[in-house]
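What follows is a single structure, written as structure tokens, with notes after it.
Remember, it's a predicted structure, so these values are computed and weren't measured experimentally. Lettering follows sequence order; numbering is per chain, from 1.
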Amino acid sequence: MMLKRFLPKSGIDYLKPSIVVLFAVFIAIKAPVFFTINNLISVLSQGAVIGIASIGMSMVILAGEIDISVGAMVYCTGVIASELYLSTNNLIISTVAAVVCGGFFGLINGFGVAKLKIPSLITTLSVCNILSGLGSILIGSEGTLSAGERYKIIAQTKILGLLSSAWIYILLFLLFLIIIRKTRFGRYIYAIGDNQDALRACGIRADFTIIMIFVLTGMLCGIGGLVNTSRLGGTQFNISLGMEVYCIAAVVVGGISMSGGRGNVLGVFFGVFIVAALDNLLRLMGVNVYMYNVVWGIVIFGVVMIDILKKKQKARDLERQVFET
Amino acid sequence: MKKVLVLLLACLMIFGMFACSSTTGGGTGSDPAQARKDDGVNRIGFALADISGQAVQTESSAFESTAKELGFDEVIMLSAENSVETQITQVRDMITSECDVIVIYSVDADGIVPAVQSCNEAGIPVIAVDRGIKSGDILCSIASNNISDGRDVANYFGTLTAGEPEKSVKCLHIIGNLSSTAQKERADGFRLGVDSWGQLTIVSEVATEADADKIYNAVVDSFKTNPDIKAIFVPYDALLSPVVSALKEIGKYYPVGEEGHVMLGAVDGATEQLEWLSQGVNDISISLDFQGFGAKAAEAAWAWLQGNSVAETIQTISIPCVMGNVDYLAKNGYLWGLSK
């Protein structure tokens with residue numbers, strides 16, 4: 001009986017595992033380096049920044065909203081952190097500034113969405129444009145900023161064989177996993193995505209929760225910006241812009257519904273790993289960089305298609321059960 | 001009251017539309033040739049792909065100051081933020097603004113052609129600077145010999161490793177922006193240079209769209225498949241920073257002269273990378289004449305306006321900078337990126 005629970009129930013359920021197995025065999029033949037421990041550890045650090053930002057993105061999507069300013073927030077907070085480090089030589093000041101500024105940018109998003117009732121797409125698009133311009137103004141005419149050797153300890157220190165960037169991501173992920181699964185705030189996120197009006201009718205401050213979701217996403221992006229600039233040893237014009245596409249992909253691949261209210265946050269960890277691993281694999285195989293987008297498009301389309309098919313299958317099963325009863 | 005307000009607003013909109021259409025008459029929709037008339041003002045336009053980076057800033061400042069010194073009354077400079085659509089619109093706006101000459105530092109050598117054709121139809125000469133333009137009538141092209149710049153880097157790697165066994169010096173070739181003719185030519189030059197030295201071989205070529213994050217990951221991943229890479233070429237200096245960070249992450253960073261050093265070469269001659277040469281971080285940086293690009297473009301435009309002949313191609317001089325000569329070159333003012 002126990003084993004039956006884990007076995008796929010229909011043909012569609014076999015589809016995802018079969019694709020994964022076939023894909024794994026293909027990788028093992030074409031790029032055997034991929035499965036080495038060193039490479040898998042490296043993939044984890046390569047995906048750290050996307051992962052940190054994806055934690056925020058998963059909360060936003062679970063709440064039925066979207067945040068396309070994620071990449072710009074990572075860019076701008078990264079520039080602020082490296083600029084401040086260059087002028088003060090103090091890691092604590094630059095870290096706090098990145099997180100606080102990220103939180104402030106998130107507050108603007110949250111206020112626009114929750115209080116002014118502007119669609120999240122429009123609000124975050126505006127903030128995205130403002131921040132990408134602001135970041136470039138702050139970098140100045142040089143176009144690049146080198147933050148110095150000490151700044152790199154944030155992301156490039158090795159602890160138990162893993163880079164600190166990966167540890168920061170893992171710890172943040174665990175923290176937010178607990179917040180989303182075990183706290184009232186986490187339940188409200190799901191409830192907002194499922195039925196916001198019902199939540200309001202129960203007297204729960206949905207607006208405050210939405211603002212908090214965007215503020216936390218901004219703060220996570222602040223940490224992402226800090227980690228990214230530390231990892232690269234500085235920053236350059238327009239770095240990280242467009243990262244939101246990878247974050248959305250990671251969240252969708254991880255199994256969170258784009259319409260909000262449904263999905264397992266733990267899946268996002270695997271989603272991020274798949275995003276980083278696919279990028280890494282394409283590089284190991286020497287695929288042209290412009291093919292990456294084609295592959296990405298196919299992957300996201302495939303995952304969404306499988307989920308739609310599964311949903312349809314479930315609805316049919318439910319209908320049959322009702323009919324039989 | 002509401003009806004009156006609506007009527008007033010409608011009248012205002014109609015008036016606004018008429019006003020706009022009268023000010024943009026002869027714009028992109030109409031015949032550009034009619035748009036250009038001699039208003040007695042010497043006007044020059046400079047359409048820049050972007051204004052990010054020290055090199056472009058140097059180029060545009062030199063262009064502006066030279067143009068004003070020569071006697072241009074008005075200098076219009078617009079940045080397309082690396083969008084070819086924006087650049088086409090900007091060039092067409094320059095036609096409407098009655099520019100006498102238009103200088104283009106193109107986002108894309110092919111993509112900008114429709115804008116060049118509009119200039120040709122309007123009888124406005126086009127000067128291509130820094131990056132080439134694939135077709136259309138170009139009055140003058142100003143650039144460095146990008147093929148030679150790329151080849152110089154390979155030749156330096158070849159000289160440093162002379163006597164090594166055949167195909168033993170593995171090179172990683174980082175490719176930047178595929179739409180830039182300058183970067184394509186530098187890549188071709190590097191390949192040519194590598195082919196002329198028996199010990200050099202390119203084991204991996206990675207297109208990175210000049211994105212620091214992609215370059216970082218590309219270096220980390222390339223060493224997994226080829227752990228004994230001994231040289232890395234990037235198309236321009238600003239892209240060296242993520243390469244150095246990646247080498248440090250994987251424990252492959254050793255300064256020049258130390259055992260295990262990975263040779264690093266790039267083109268541009270930016271300040272930080274020239275300073276790195278003295279510190280032994282990188283091996284070679286080809287310093288381009290960005291001041292020359294800007295100044296020569298303005299001079300060619302002025303010469304045409306005065307009725308003088310203009311050379312079809314003007315090539316600027318590039319200077320290979322290495323640890324041994326960078327201080328001397330900087331002290332004598334040969335480098336745009338560094339002065340001591």
Requested in this report: First locate atom CG of N217(B), then atom CG of N280(A), and finally report the distance between them rounded to the nearest 0.5 Å.
Outcome: 8.0 Å
Report task. For T88(A), check side-chain hydrogen bond (donor to acceptor under 3.5 Å, both in side chains) against everything at least two apart and list the hits. Result -> none
Requested in this report: Would you indicate whether L171(A), at its atom CG, is surrounded by more than 12 heavy atoms from other residues, nucleotides or ligands within a distance under 6.0 Å?
Outcome: yes
Report task. Would you mind telling me which of T36(A), V33(A), N228(A), N39(A) has the largest number of heavy-atom pairs within less than 4.5 Å of chain B? Result -> N39(A)
Report summary line: Contacts satisfying ring-ring contact (aromatic ring centres under 6.0 Å, His included) that involve residues 235-257 of chain B (not counting sequence neighbours) are none
Query raised in the report: After noting the C-alpha distance and the side-chain angles of K214(B) and D279(A), does the key distance pass the side chain to side chain contact (heavy atoms under 4.5 Å, CB included) rule?
Result: CA-CA 9 Å; K214(B) 287 194 172 101; D279(A) 224 28; 5.7 Å; no
Requested in this report: Tell me the residues of residues 41-51 of chain A whose non-hydrogen atoms fall below 4.5 Å from those of chain B, in number order.
Outcome: S42(A), Q46(A)
Query - D50(B) CG to S136(A) OG distance, which is reported to the nearest 0.5 Å - result: 10.0 Å
Which donor-acceptor pairs under 3.5 Å do the side chains of residues 239-251 of chain B make with protein atoms, sequence neighbours left out?
residue: S245(B); atom: OG; partner: L232(A); partner atom: O; Å: 2.8
residue: S245(B); atom: OG; partner: S241(B); partner atom: O; Å: 3.4
residue: K248(B); atom: NZ; partner: E149(A); partner atom: OE2; Å: 2.5
residue: E249(B); atom: OE1; partner: Y216(B); partner atom: OH; Å: 2.1

**Report entry** Heavy atoms of other groups near I159(A) CD1, more than 12 under 6.0 Å
**Finding:** yes
Query raised in the report: Between atom CG of D221(B) and atom CZ of F34(A), what is the distance when rounded to the nearest 0.5 Å?
Result: 10.0 Å
